[in-house]
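First up is the structure itself, then whatever we jot down about it.
Atom set for the values below is all heavy atoms of this structure, side chains included, hydrogens, waters and symmetry mates excluded. Each chain gets a letter, A, B and so on, in the order its sequence line appears, and its residues count up from 1.
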Amino acid sequence: DIQMTQSPSSMSASVRDRVTITCRASQTISIHLNWYQQKPGKGPKLLIYAASGLQSGVPSRFSGSGSGTDFTLTIDSVQPEDFATYFCQQSYSTPYTFGQGTKVEIK
Amino acid sequence: QLQLQESGPGLVKPSETLSLTCTVSGGSTSSRSDYWGWIRQPPGKGLQWIANIYYNGNTYHNPSLKSRVSISVDTSKNQFSLKLSSVTAADTAVYYCARMVVILQPYFDSWGQGTLVTVSS
């Protein structure tokens, strides 16, 4: 199985800060990397697909980059509604696997 | 707008079979462009993909669960289902159903709200 490692596991940020979350795959996965946002009691919401594709309806302050084994999710000017947990997921091969999550909290 | 809703018992006894159904609205399980999947999340932990199914019944499983998992689709009811046999406390989790699309590469673009299943006697 491909292991996905996110960092940091948690972080605190102030409104309007830039937030960066990284995800590393245990082997190369090209651009087969997706990012999701999850709020308490809710199902995950797709933010970014294929490493850098912005899902329809997702604010442009969210962006993704990377290829191969190293990927980044960036939130420019984080807003109050962005405080949540973020997961990366590889879809290069089954079993599809997820990172352990990064919880972004208000400072 | 596509909506998915999980349903099923919230409490299952150890060694029994967990059964869940996902009802799809605003879309079709007969779609040739979509796959339908189950993902779970133990309390306070990360996400684990369980299995996917295609409209024609083709299935794709996580090998770690494959021997205990059965996934099926009923296109006449616009539903798909999960059965997980011989459950233990380790199977206690929130279970999500989701749609997977393949544009450039696969991703889950719509998720249900999830249903908590507790395994306990």
Check: residues 34-45 of chain A side-chain donor-acceptor pairs under 3.5 Å, at least two apart:
unit_1	atom_1	unit_2	atom_2	d
A:Asn34	OD1	A:Ala50	N	3.2
A:Asn34	OD1	B:Gln105	NE2	2.9
A:Asn34	ND2	A:Gln89	OE1	3.0
A:Asn34	ND2	B:Pro106	O	3.1
A:Tyr36	OH	A:Gln89	OE1	2.7
A:Tyr36	OH	B:Phe108	N	3.1
A:Gln37	NE2	A:Tyr86	OH	3.0
A:Gln38	OE1	B:Gln41	NE2	3.1
A:Gln38	NE2	A:Lys42	O	3.0
A:Gln38	NE2	B:Gln41	OE1	3.0
A:Gln38	NE2	B:Tyr96	OH	2.8
A:Lys39	NZ	A:Glu81	O	2.7

- prompt: Under a single-linkage definition using a 4.5 Å side-chain heavy-atom cutoff for Ile, Leu, Val, Met, Phe, Trp and Tyr, are A:Phe71 and A:Val58 assigned to the same hydrophobic cluster?
  reply: yes
field: Residues of residues 49-77 of chain B contacting chain A, heavy-atom criterion under 4.5 Å, by residue number
entry: B:Trp49, B:Asn52, B:Asn62, B:Pro63
- request: Indicate if A:Phe98 and A:Ile29 have the same hydrophobic cluster label, given that clusters are the connected sets of ILVMFWY residues with side-chain heavy-atom separations under 4.5 angstrom.
  value: no
- prompt: Which bit of A:Tyr49 is near chain B, if near means a heavy-atom gap under 4.5 Å: side chain, backbone, both or neither?
  reply: both
statement: Of B:Leu47, B:Ile39, B:Leu4, the largest count of non-hydrogen pairs under 4.5 angstrom with chain A goes to B:Leu47
message: Please determine whether residues A:Leu33 and A:Leu54 belong to a single hydrophobic cluster, defined as Ile, Leu, Val, Met, Phe, Trp and Tyr linked transitively by side-chain heavy-atom distances below 4.5 Å.
response: yes
message: Side-chain heavy atoms nearer than 4.5 Å, only ILVMFWY residues, links allowed to pass through others: does that put A:Ile31 and A:Phe87 together?
response: no
- prompt: Which distance, rounded to the nearest 0.5 Å, do you find between the CG of A:Leu46 and the CZ of B:Arg99?
  reply: 10.5 Å
message: Hydrophobic clusters here meaning ILVMFWY residues chained together by side-chain heavy-atom distances under 4.5 Å, can you tell me if B:Val102 and A:Leu47 are in one?
response: no
Scan the side chains in residues 10-18 of chain A for donor-acceptor partners under 3.5 Å anywhere in the protein, sequence neighbours excluded, and list what turns up.
unit_1	atom_1	unit_2	atom_2	d
A:Asp17	OD2	A:Ser14	N	2.9
A:Arg18	NE	A:Asp76	OD1	2.7
A:Arg18	NH2	A:Asp76	OD1	2.9

field: Min side-chain heavy-atom separation B:Tyr107-A:His32 under 4.5 Å
entry: no
Enumerate donor-acceptor pairs with a distance under 3.5 Å from any side-chain N or O in residues 100-107 of chain A to protein atoms, sequence neighbours excluded.
unit_1	atom_1	unit_2	atom_2	d
A:Gln100	OE1	A:Gln6	N	3.0
A:Gln100	NE2	A:Gln6	O	2.8
A:Thr102	OG1	A:Gln6	NE2	3.0
A:Thr102	OG1	A:Pro8	O	2.6

